[in-house]
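Since we're looking at a predicted model, the values are computed, not measured. Lettering follows sequence order; numbering is per chain, from 1.
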There are 2 protein chains.
Amino acid sequence: MHNLLSNLKITINDKLYVKNPETSELGLNILKNSILLIDEIGFDAFTFKKLGERIQSNESSIYRYFENKHKLLVYLTSWYWSWMEYRMAFATINVSNPIEKLEKAIKLVTENIIDDNTTPHINEEVLSRIIVEEFTKTLMTKEVDNENKEGFFLVYKRVINRIIDIIKEVNPNYPYAKSLASSIVEGSLHQHFLKNHLKTITNLSEKECATDFYTDMAKKILL
Amino acid sequence: MHNLLSNLKITINDKLYVKNPETSELGLNILKNSILLIDEIGFDAFTFKKLGERIQSNESSIYRYFENKHKLLVYLTSWYWSWMEYRMAFATINVSNPIEKLEKAIKLVTENIIDDNTTPHINEEVLSRIIVEEFTKTLMTKEVDNENKEGFFLVYKRVINRIIDIIKEVNPNYPYAKSLASSIVEGSLHQHFLKNHLKTITNLSEKECATDFYTDMAKKILL
DNA sequence: TAAACATTAATAGTAATACTATTATATTTG
DNA sequence: CAAATATAATAGTATTACTATTAATGTTTA
């Protein structure tokens, strides 16, 4: 398994970067520290200047890798969903029972994430916090439609499509497979956000994850 | 009914404004045109300068009503949720059957909104588009926790709490009433966003609303 | 080994944003 | 009518999100 995970193939739309950050020390440093800095100060306050200072490099050097901070965020979120897609493929490949497959998929997208150590420049635990706090910002722009056409959100949609397929296997007659799948993925992020900030309108407590809520929901709806 | 609706009491946290915009022509103009302008160009591109030009007034005059554009957006979204709360109270007040009550509540928060003409300075249809496209931005900031303490999101939470209470009436043994209620309200906004921008991962089509999907969900989960 | 090329750092500069402050002029109200 | 208040106009500031230029460094290859 460790072997398989280290061959992990993360696919990212090459329109998201000017120069592939995986190909140099500086690039890897940008990835690593942008995750940490966005987590610390939030994406709105994050600037290339601050990142440059942090990694003892220069603002303009970062611009050689990413056109702007929005594309860097879309890059990081694509990385996350690509990693998630891989985990999901891996976890469901040898499972023939559709219900069991659905349970595994729901668990993966709803559980609390911990760093998996296979990628030293990406801390998945911190990255997953960024996904909870900032992911919708990648979609909620006036450029969504153009960026969607360019394929910026393909990986995200692929994760959801995988769940749609499993839902259809479990119950081919359920008429809202797409909405249910996107609800689970986005809704889970939202429940995690609520448990961190608006605790009174979620049942999730401090260290809990959304797995039970969504597993119960899916079973009651589909079975 | 018209009478009742025109006595409509919208409650808004007075920390959200410097001067109450409902008390002057200019204030009402700011509300009316900020909604239209945000809808046209998006909240990110929206500035007080552009709004000033549009209403033949001055940037600095707008600052006498709202400290910054973020608070204006929170004001507008509070207005919407307060309006929604009122509609919900009105629609469920004489309904004794809990299931019917839940159906009505779900319908209200998931349906497509049309302008209701009782408030000439607020176009509810346009405002509801802003809620779909921009509402999460009011929450997803590094200031959420402070602003939540200040009560900026009270009206929103009150709408959700109303639904939580109805869910508990329908099925007192269901353990995730809070998460289900917040899922329906936020999830509905998200499904509307998807039908506008990422059509392949929702079952909602162009003019459709999320009522059927969530009514079906709630019934299967609770009954 | 030297020339060529690519990468990075440093500096400077620009337009736009998100404000604040000041003043002059209306308008309302007591 | 005087005083208080509201508004418009102007100017100014710090920060952001970049772009452009140059110089220094390292790396490749003829």
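- Separating the CD1 atom of B:Ile41 from the P atom of C:dA16 is a distance of 14 Å, rounded to the nearest angstrom.
- Atom NZ of A:Lys49 has 12 or fewer heavy atoms from other residues, nucleotides or ligands within 6.0 Å.
- Atom OH of B:Tyr63 and atom P of C:dA18 are 7 Å apart (whole Å).
- Across all strands, B:Phe48 comes closer than 4.0 Å to no nucleic acid atom at all (heavy-atom distances).
- Note: B:Phe193 and B:His197 have tilted aromatic rings, judged against thresholds of 30 and 60 degrees for the angle between ring planes.
- A side-chain donor from one of B:Tyr65 and B:Ser24 sits under 3.5 Å from a side-chain acceptor of the other.
- Look at CG on A:Leu51: it is 15 Å from C1' on D:dC18, rounded to the nearest Å.
- By the 6.0 Å contact criterion, NZ on A:Lys69 is enclosed, its count of non-hydrogen atoms from other residues, nucleotides or ligands being greater than 12.
- Without hydrogens or angle criteria, B:Ser82 side chain to B:Thr11 main chain gives a donor-acceptor distance under 3.5 Å.
- Here D:dT16 presents its C1' atom at 13 Å from CD of A:Glu53, a figure rounded to the nearest Å.
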If you restrict it to nitrogen or oxygen atoms, what contacts under 3.5 Å exist between nucleotides 3-8 of chain D and the protein, and what is each distance?
{"unit_1": "D:dA6", "atom_1": "OP1", "unit_2": "B:Lys19", "atom_2": "NZ", "d": "3.4"}
{"unit_1": "D:dT7", "atom_1": "OP1", "unit_2": "B:Tyr65", "atom_2": "OH", "d": "3.3"}
{"unit_1": "D:dT7", "atom_1": "OP2", "unit_2": "B:Tyr65", "atom_2": "OH", "d": "2.7"}
{"unit_1": "D:dA8", "atom_1": "OP2", "unit_2": "B:Ser57", "atom_2": "OG", "d": "2.5"}
{"unit_1": "D:dA8", "atom_1": "OP2", "unit_2": "B:Ser61", "atom_2": "OG", "d": "3.1"}

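- Electrostatic pairing of A:Glu40 and A:Lys50 does not count as a salt bridge here, judged by no charged N lying under 4.0 Å from a carboxylate O.
- Residues from residues 66-73 of chain B with heavy atoms under 4.0 angstrom of DNA chain C, sorted by number: B:Glu67, B:Asn68, B:Lys69.
- A salt bridge is defined here as a Lys NZ or Arg NE, NH1 or NH2 lying under 4.0 Å from an Asp or Glu carboxylate O, and A:Glu111 with A:Arg87 meets this definition.
- Across the protein-nucleic acid pair, A:Asp44 atom CG and D:dT15 atom P stand 17 Å apart, rounded to whole Å.
- Between the CD1 atom of A:Ile30 and the P atom of C:dT7 there is a distance of 13 Å, rounded to whole Å.
- No hydrogens or angles considered: nothing links the side chains of A:Thr110 and A:Gln191 as a donor-acceptor pair under 3.5 Å.
- Within the 4.5 Å cutoff, side-chain heavy atoms of A:Glu124 are placed close to those of A:Trp79.
- Remark: C1' of C:dA18 and CD of B:Glu59 are 8 Å apart, rounded to the nearest angstrom.
- Atom CD1 in B:Ile62 sits roughly 14 Å away from atom P in C:dT17 (whole-Å rounding).
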